[in-house]
Amino acid sequence: MLYAKVVLGLPIEGPFDYHVPKEWEDKILPGARVWVNFRNKKEVAYVTGLSSRTAIKKVKDILEIIDPQPLIDKKMFLLADKIAQYYCCSLGEALESMLPEELRKGRKWGQSEFSLPKAGKFALTPFSQRLHFIQGAERISAYLREIKATLLQKRSVILLFSDIALAKKTAEIIERDSEAKVFVLFSKQVKGFSVWQNIKKEEYCVVVGVRSNVFAPVNSLGLIIIDQENDQVYKQEQVPHYHAREVALMRAEIEEAKVVLGANLLSLESFYLAQNNKIEYEIIPAERKYPEIRLIDPSRVAYADRKNKPIFSKYLADAIYANLLEKGRILLFINRKGFATSAACHNCGAALKCPRCNINLVFHFDENKLKCHHCNFKMLLPEICPVCNAGYIKYSGLGTEKIESELARVFPQARIKLMDDFKGDLNLIDILVSTSAVIKHKELNFDLIGVLGIDNSLNRVDFRSAEKTFGLLLGLSALTTKKIIIESSNSNHHCFRALINNDPSFFLKEELKERKQLKFPPFKHMVLVKIRGRNLDKVKKASYDLFEKLNKIKTSSLKLISLNPAQPPKLRGNFYYQILIRASNPKAASGFLKLHLKSERYSGIIITVDVDPV
């Protein structure tokens with residue numbers, strides 16, 4: 001008798017044994033998908049191996065073979081195994097993260113149309129010397145150089161971008177500049193499954209896309225390029241919480257390919273590798289002139305200028321006025337949407353919060369509604385306080401709409417637009433008000449950029465807050481060659497000192513010193529165990545029980561740091577708690593948690609693990 005060992009895309013370790021009916025014994029192969037009955041439900045499963053023996057007494061039959069040929073080859077199995085070990089998920093979950101939704105649901109694919117090409121042999125340098133970083137705004141030309149060299153070897157190229165529009169634009173450039181087949185692939189793409197199948201047919205090609213494109217089914221992989229590798233969009237929000245950069249390194253090691261990381265600013269993780277000579281580093285000098293940076297500390301201006309709590313400092317207001325006289329283009333940046341960021345009763349102080357997320361609702365003047373930016377809950381403005389029935393609701397905090405309103409009051413002659421209403425023509429406006437969305441529009445150029453509320457970003461409870469803030473400011477600096485005015489009460493922070501001196505390496509070195517002292521990444525790895533559920537008392541009890549249990553287990557490879565409500569503590573109707581763990585080795589931490597979490601069962605509670613959270 002023949003038995004198939006299978007795994008499923010569920011948070012449960014396998015493999016599970018299923019009997020192969022006699023008529024299918026010569027048709028089933030490792031790497032193929034099959035239909036099985038699992039817990040009285042028909043599920044797609046993935047065959048990891050075949051055996052003539054089983055230790056299980058009552059074994060169910062396989063219901064149907066989906067693939068006559070393997071869908072998943074040995075290299076992708078090995079990659080899935082590495083992801084499962086690193087990111088504390090099951091092998092089945094890792095496999096499903098690599099496949100289109102149609103295949104996860106059991107759809108057949110056109111295997112009979114082609115046979116997979118065989119990869120050739122190529123002379124390659126040791127893997128540690130094949131990690132390359134390109135810094136600079138003009139990176140596309142360097143990417144093309146690397147792509148052409150790879151295509152000459154008849155090997156495939158994968159490019160990842162943080163933005164779909166930029167991915168499509170770059171794909172057009174590559175098509176014009178080379179004779180290779182170029183595909184654009186991303187999740188939820190129209191006819192994406194057909195594109196996926198066409199890629200699998202090609203002996204070698206170029207595939208351009210976003211995060212999930214790291215799993216593109218190319219043959220003879222020779223190069224992976226990740227643009228803006230420090231962007232947090234490369235971190236997957238759902239289980240498994242993989243980071244595309246880390247997965248790219250895993251896949252490149254398996255397939256003996258080269259990895260090129262590109263950005264205006266290295267991530268701290270990449271900079272740490274560069275400091276240890278594990279990255280070949282290349283800087284492309286900027287063709288644009290670097291702007292003048294002026295830092296204004298609102299707490300240090302004259303009392304007469306700040307007693308009325310103006311939205312704009314006198315220095316910034318004068319600069320805006322001077323630019324308007326000279327017909328200059330101005331950008332005012334604040335990374336918060338809406339008119340006011342909180343609404344509270346003037347009498348009892350009760351804040352109006354989202355019933356599903358328990359965070360402050362944001363007042364949007366254009367819709368005359370209060371909105372939640374996490375779950376899109378909306379409500380009309382209340383005429384009286386729902387708690388004490390007082391008749392006055394006070395609105396406070398700054399957002400883009402409030403900035404637009406104040407600009408219209410102070411500069412009535414100016415043509416002002418919000419980024420959401422902007423049609424792309426700077427000739428039609430004088431002042432643009434925007435969040436970080438403006439950074440993706442590299443074609444825009446301003447004479448003056450004013451940065452407001454940056455301390456909100458810098459002072460967040462997040463060990464990466466300085467890194468994210470500096471990256472944000474670097475992105476803004478690429479939109480002007482003239483002047484940037486930043487209002488901040490943290491004028492001595494190394495984030496601003498590095499920006500003023502146009503020295504990103506100074507910021508990275510100072511940030512690395514702080515991370516080392518605090519034993520933060522990249523020197524150690526952080527792991528979040530997330531506990532969520534609809535009932536707050538159950539979530540709290542499960543969290544404290546689990547924390548106490550894990551804390552009693554002595555291990556030198558990891559340390560439990562804290563147990564706290566998540567930020568935000570409630571989201572879309574679920575309450576969240578999280579256990580923060582510091583680990584020397586992520587694989588050891590994942591193995592530890594898999595061992596000790598598998599027996600934990602709480603009614604109405606879901607536990608997930610996020611390794612290297614961003």
Side-chain angles (χ1 to χ4, degrees), residues 1-10 14-36 38 42-52 54 61-85 89-120 155-156 158 185 192-205 207 212-221 247 250-251 253-257:
M1 298 182 75
L2 187 64
Y3 300 93
K5 295 184 178 296
V6 307
V7 295
L8 298 95
L10 300 171
F16 302 96
D17 289 357
Y18 280 83
H19 174 247
V20 181
K22 196 166 184 63
E23 64 269 24
W24 293 342
E25 286 183 357
D26 59 345
K27 296 179 181 178
I28 192 166
L29 293 168
R33 292 170 301 153
V34 293
W35 285 107
V36 299
F38 186 80
K42 190 177 179 182
E43 300 275 7
V44 173
Y46 307 87
V47 180
T48 62
L50 299 169
S51 175
S52 59
T54 180
D61 283 350
I62 282 176
L63 302 178
E64 183 185 346
I65 297 174
I66 302 173
D67 305 313
Q69 298 177 29
L71 170 67
I72 302 160
D73 62 21
K74 290 182 180 179
K75 289 180 179 178
M76 296 310 278
F77 260 125
L78 184 54
L79 177 60
D81 187 54
K82 282 179 173 286
I83 292 170
Q85 289 185 47
C89 65
S90 71
L91 178 61
E93 287 177 306
L95 285 170
E96 289 217 327
S97 69
M98 300 159 65
L99 299 174
E101 184 179 5
E102 292 87 346
L103 294 177
R104 297 197 298 267
K105 291 183 176 180
R107 181 172 171 178
K108 295 181 183 291
W109 57 292
Q111 297 160 296
S112 58
E113 300 173 16
F114 62 95
S115 57
L116 296 180
K118 294 182 179 179
R155 302 190 74 178
S156 294
I158 291 175
L185 181 68
F193 185 52
S194 296
V195 175
W196 187 93
Q197 292 184 92
N198 290 333
I199 292 169
K200 206 164 176 65
K201 295 176 186 178
E202 296 295 330
E203 181 184 356
Y204 67 97
C205 61
V207 187
S212 60
N213 192 46
V214 73
F215 301 116
V218 297
N219 298 295
S220 302
L221 178 63
V247 173
M250 293 176 185
R251 186 172 183 184
E253 185 174 21
I254 293 167
E255 305 206 31
E256 296 185 306

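For this chain, numbers begin at 1 and follow the sequence in order.
- Across all non-hydrogen atoms, the minimal contact from Ser90 to Leu8 is OG-O, 4.0 Å.
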Chi angles and distances behind the side-chain contact (heavy atoms from CB on, under 4.5 Å) call for Trp196, Glu102: CA-CA 11 Å; Trp196 187 93; Glu102 292 87 346; over 6 Å; no
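- With a 4.5 Å cut-off on side-chain heavy atoms, Leu103 and Phe193 count as touching.
- Under the 3.5 Å distance criterion, the side-chain polar atoms of Arg33 are left unmatched by any main-chain donor or acceptor of Ala45.
- Of all the heavy atoms in Asp61 and His19, the pair that sits closest is OD1-ND1, 2.7 Å.
- In summary, the side chains of Asn198 and Glu202 do not present any donor paired with an acceptor at a separation below 3.5 Å, with no hydrogens or angles considered.
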Worked verdict on Met76 versus Arg251 for side-chain contact (heavy atoms from CB on, under 4.5 Å): CA-CA 8 Å; Met76 296 310 278; Arg251 186 172 183 184; 4.1 Å; yes
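- Pro68 approaches Leu29 most closely through the heavy-atom pair O-CD1, 3.9 Å.
- Remark: Glu255 CD to Lys75 NZ distance equals 5.0 Å, nearest 0.5 Å.
- Glu43 is linked by a side-chain hydrogen bond (donor to acceptor under 3.5 Å, both in side chains) to nothing, counting only residues two or more places apart in sequence or in another chain.
- Between Leu221 and Ala257, the closest heavy-atom pair is O-CB, 3.7 Å.
- We find the OH-CG distance between Tyr46 and Leu91 to be 10.5 Å, quoted to the nearest 0.5 Å.
- Within 6.0 Å of CD in Glu64 there are more than 12 heavy atoms belonging to other residues, nucleotides or ligands.
- Residue Lys82 holds its NZ atom at 6.0 Å from CG of Leu78, rounded to the nearest 0.5 Å.
- For Asp17, the salt bridge (charged side-chain N to carboxylate O under 4.0 Å, His left out) test picks out Lys5, with sequence neighbours left out.
- Taking the side chain as every heavy atom from C-beta outward, Trp24 and Val34 never approach each other to under 4.5 Å.
- Side-chain N or O atoms of Asn219 include one that pairs as donor or acceptor with a backbone N or O of Lys200 at under 3.5 Å.
- The CD1 atom of Ile83 sits 11.5 Å away from the CD atom of Glu93 when rounded to the nearest 0.5 Å.
- The one candidate from Leu99, Ile158, Leu79 that meets the side-chain contact (heavy atoms from CB on, under 4.5 Å) condition with Phe215 is Leu79.
- Residues Ile66 and Lys108 have side chains in contact (heavy-atom distance under 4.5 Å, counting atoms from C-beta outward).
- In this structure, CD in Glu203 is found 12.0 Å from CZ in Arg155, a value given to the nearest 0.5 Å.
- Using modelled atom types, no side-chain atom of Ser220 and backbone atom of Ser156 make a donor-acceptor pair closer than 3.5 Å.
- Here the shortest heavy-atom pairing between Gln69 and Ala32 reads O-CB, 4.2 Å.
- Between the OG1 atom in Thr48 and the CZ atom in Phe16 there is a gap of 10.5 Å [rounded to 0.5 Å].
- Minimum interatomic distance between Ala84 and Ala94 (heavy atoms only, all atoms of both residues): N-CB, 4.2 Å.
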Verdict with supporting geometry, Asp67 and Trp109, side-chain contact (heavy atoms from CB on, under 4.5 Å): CA-CA 8 Å; Asp67 305 313; Trp109 57 292; 3.2 Å; yes
side-chain contact (heavy atoms from CB on, under 4.5 Å) between Lys105 and Val44, worked out: CA-CA 7 Å; Lys105 291 183 176 180; Val44 173; 5.9 Å; no
